[in-house]
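Following: one structure in structure tokens, then a few remarks.
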Amino acid sequence: MAAARCSPVVPTLLLAICAAASAADQELTHLHFYFHEVDAGAPNATVVNVASLHRNASTFGDLNVFDNALREGPDPASRLIGRAQGVAAHASLDESGGLTAIAFSFSDYGEYSGSTLATLGHLSVSGPSERSIVGGTGRLRFARGYMTSRLLSSTATSIVVVFDMYFTLAH
């Protein structure tokens, strides 16, 4: 008796259907908070320029590191929920933005306390930005999604940025 043959298309199709159903079952999580940055040179600065070419007026090639407060609200006195630690590279020749890699570490944010989210992407200086959420730790392990950010307020020494994060967690 001849052995029954199964086309490789059938298992591949079944796997694709199962993966799509699994992705549809994942719940989308939304986090909303505020990033408070104090410019270099000001007391208690949270951002520092660590490399700068400054051969002309351009900031292309500059590299900044930061350790900014994450707060529940736009008021600098609102509850501290964590820190945003990362690197920003001025990587755009036309000065329209740059590349950021940020680790959001939550210290007092309910069920996410002790967890982190890792992000990467282009920061636009002219308006809202959208960047990728590429992973996480703790309760946020295997996070995948995106975040949006926009400048809420700015003074001579500080900025406040509002963040909205949308992601799913692998089970």
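Residue numbers count from 1 along this sequence.
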**Report entry** Any donor-acceptor N/O pair, S129 side chain to S124 backbone, under 3.5 Å
**Finding:** yes

Query raised in the report: Atom CD of E130 and atom OG1 of T119: how far apart are they, to the nearest 0.5 Å?
Result: 12.5 Å

Query - Heavy-atom side-chain contact between V87 and L63 under 4.5 Å - result: yes

Query raised in the report: Measuring from R144:CZ to L117:CG, what's the distance to the nearest 0.5 Å?
Result: 10.5 Å

Query raised in the report: Between Y109 and F33, how do the two ring planes meet: parallel, tilted or perpendicular, split at 30° and 60°?
Result: perpendicular

Requested in this report: Check whether more than 12 heavy atoms from other residues, nucleotides or ligands sit under 6.0 Å from atom CG of N44, and answer yes or no.
Outcome: no

Query raised in the report: For the hydrophobic clusters of this structure (ILVMFWY residues joined by side-chain heavy atoms under 4.5 Å, transitively), does one cluster hold both L28 and Y146?
Result: yes

Requested in this report: Flag yes if more than 12 heavy atoms outside R141 fall under 6.0 Å of its CZ atom; otherwise flag no.
Outcome: no

Query - Gap separating the OG1 atom of T59 from the NE2 atom of H90, nearest 0.5 angstrom - result: 5.0 Å

Query raised in the report: Parallel under 30°, tilted from 30 to 60°, perpendicular over 60°: which one fits the rings of H36 and Y34?
Result: tilted

Query raised in the report: If you measure only the distance, is there a donor-acceptor pair under 3.5 Å linking the side chains of D164 and H30?
Result: yes

Query raised in the report: Is a donor on one side and an acceptor on the other found under 3.5 Å between the side chain of R131 and the backbone of S149?
Result: no

Query raised in the report: If you group Ile, Leu, Val, Met, Phe, Trp and Tyr by side-chain heavy-atom gaps below 4.5 Å, do I159 and I81 land in one group?
Result: yes

Requested in this report: Over all heavy atoms of both residues, which pair between D62 and N49 is shortest? Give the atoms and the distance, please.
Outcome: OD2-ND2, 3.4 Å

Report task. State, to 0.1 Å, how close A40 and A45 come at their nearest heavy-atom pair, and which atoms those are. Result -> CA-CB, 3.7 Å

**Report entry** Polar contact flag, side-chain donor to acceptor under 3.5 angstrom, S105-T116
**Finding:** no

Query raised in the report: Is the distance between the ring centroids of F163 and F104 under 6.0 Å?
Result: yes

Requested in this report: Enter the distance from S92:OG to L123:CG here, rounded to the nearest 0.5 Å.
Outcome: 10.5 Å

Query raised in the report: So, do F66 and I102 sit near enough that their side-chain heavy atoms are less than 4.5 Å apart?
Result: yes

Query raised in the report: Quick one: are H32 and V162 in side-chain contact, heavy atoms under 4.5 Å?
Result: yes

Query - Crowding at CZ, R139 (>12 non-hydrogen neighbours, <6.0 Å) - result: no

Query - Side-chain donor or acceptor of S158 paired with backbone N/O of T155 under 3.5 Å - result: no

Requested in this report: Classify the side-chain pair T46/N68 by whether it contains a donor and acceptor separated by less than 3.5 Å.
Outcome: yes

Report summary line: Closest heavy-atom pair, T137 versus S115, reported as atoms and distance to 0.1 Å, is O-CB, 3.3 Å

Report summary line: To the nearest 0.5 Å, atom CD1 of I133 lies from atom CG of L140 at 9.0 Å

Query raised in the report: Going only through I, L, V, M, F, W and Y residues with side-chain contacts under 4.5 Å, is there a path from M147 to L151?
Result: yes

Query raised in the report: Looking at side-chain heavy atoms only, is the closest gap between Y112 and L31 below 4.5 Å?
Result: yes

Report task. May I have the step-by-step check of side chain to side chain contact (heavy atoms under 4.5 Å, CB included) for E27 and T168, ending in yes or no? Result -> CA-CA 6 Å; E27 183 178 327; T168 58; over 6 Å; no

Requested in this report: Check the surroundings of atom OH in Y166: do more than 12 heavy atoms from other residues, nucleotides or ligands lie under 6.0 Å from it?
Outcome: yes

Query raised in the report: Closest heavy-atom contact between A91 and F60?
Result: C-CE1, 3.7 Å

Requested in this report: Without swapping roles, check the side chain of S78 against the backbone of P74 for a donor-acceptor pair under 3.5 Å.
Outcome: no

